[in-house]
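First up is the structure itself, then whatever we jot down about it.
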Amino acid sequence: MGERLTWKEIQDRYPDRWVGLTEVEYEPDNDATIRSAVVKFNDKSKSELTRMQIQSRGEILGRYTTPDHVFQLGTAGYFG
């Protein structure tokens, strides 16, 4: 298991970069704001992380770390 970091620590450690997160914990009452997570990937492109997120059935969450421009990768599909 990797090191759990707060979102701020992730942003500081991996500035202006796409990261693949696992074991994501969200802020209470807000399922979009990350409280902490484990960084699994920090060297992948947006398209690579999108593919990985789909293949992992949501176990990997891709986010961009720029504090003022946080983007969440979205997927649509049925994982039944």
Side-chain angles (χ1 to χ4, degrees):
M1 181 173 101
E3 177 183 13
R4 177 168 292 282
L5 301 170
T6 66
W7 179 240
K8 174 73 171 124
E9 290 170 331
I10 293 168
Q11 290 174 313
D12 290 344
R13 194 173 291 187
Y14 307 102
D16 303 318
R17 194 179 307 180
W18 284 99
V19 291
L21 307 174
T22 60
E23 302 178 41
V24 178
E25 290 183 3
Y26 294 94
E27 291 291 340
D29 302 324
N30 184 339
D31 61 359
T33 302
I34 296 172
R35 174 183 275 186
S36 67
V38 174
V39 177
K40 185 162 183 157
F41 302 103
N42 66 62
D43 59 349
K44 305 290 183 194
S45 68
K46 178 182 177 181
S47 61
E48 288 174 303
L49 285 172
T50 300
R51 186 173 40 257
M52 294 170 85
Q53 184 169 315
I54 292 167
Q55 291 172 342
S56 74
R57 297 179 183 233
E59 291 181 23
I60 295 171
L61 174 66
R63 283 283 177 102
Y64 194 69
T65 61
T66 302
D68 295 334
H69 301 99
V70 178
F71 301 98
Q72 179 176 0
L73 297 178
T75 59
Y78 174 72
F79 299 118

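FYI, side chains are in, hydrogens and waters are out, and symmetry mates aren't considered; it's all heavy atoms of this structure. Because the structure is predicted, anything quoted here is derived from the model rather than measured.
- What you find for N42 and Y14 is that their closest heavy atoms are ND2-CE2, 3.3 Å.
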### Message
Show, in sequence, the C-alpha distance, side-chain angles and deciding distance for L21 and W7, and conclude whether the side-chain contact (heavy atoms from CB on, under 4.5 Å) test is met.
### Response
CA-CA 10 Å; L21 307 174; W7 179 240; 4.0 Å; yes
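- The side chain to side chain donor-acceptor pair (under 3.5 Å) check on N30 picks up T33, with sequence neighbours excluded.
- Residues passing the side-chain contact (heavy atoms from CB on, under 4.5 Å) test with K44 are F41, E48, L49, M52, sequence neighbours excluded.
- With sequence neighbours excluded, no residue satisfies salt bridge (charged side-chain N to carboxylate O under 4.0 Å, His left out) with R51.
- In this structure, the separation between CZ on R17 and CD1 on I10 is 12.5 Å, given to the nearest 0.5 Å.
- For E59, there are no salt bridge (charged side-chain N to carboxylate O under 4.0 Å, His left out) partners two or more places apart in sequence or in a different chain.
- Residue Q55 holds its CD atom at 9.0 Å from CD1 of I60, rounded to the nearest 0.5 Å.
- In this structure, the side-chain contact (heavy atoms from CB on, under 4.5 Å) partners of D12, at least two apart in sequence or on a different chain, are K8.
- Annotation: side chain to side chain donor-acceptor pair (under 3.5 Å) contacts of T6 (sequence neighbours excluded): E9.
- Considering all non-hydrogen atoms of both residues, S36 and R4 come closest at OG-NH1, 2.9 Å.
- Y26 and L61 make their closest contact through OH-CD2, 3.5 Å (heavy atoms, listed as atom of the first residue, atom of the second, distance).
- In this structure, the side chains of L5 and V38 stay at 4.5 Å or more apart for every pair of heavy atoms.
- The nearest pair of heavy atoms linking I34 to R63 is CD1-NH1, 3.6 Å.
- Salt-bridge formation is not detected for the pair R35/E25: no Lys NZ or Arg NE/NH1/NH2 atom is positioned less than 4.0 Å from an Asp or Glu carboxylate oxygen.
- Shown here are the side chain to side chain donor-acceptor pair (under 3.5 Å) partners of T22, two or more places apart in sequence or in another chain: there are none.
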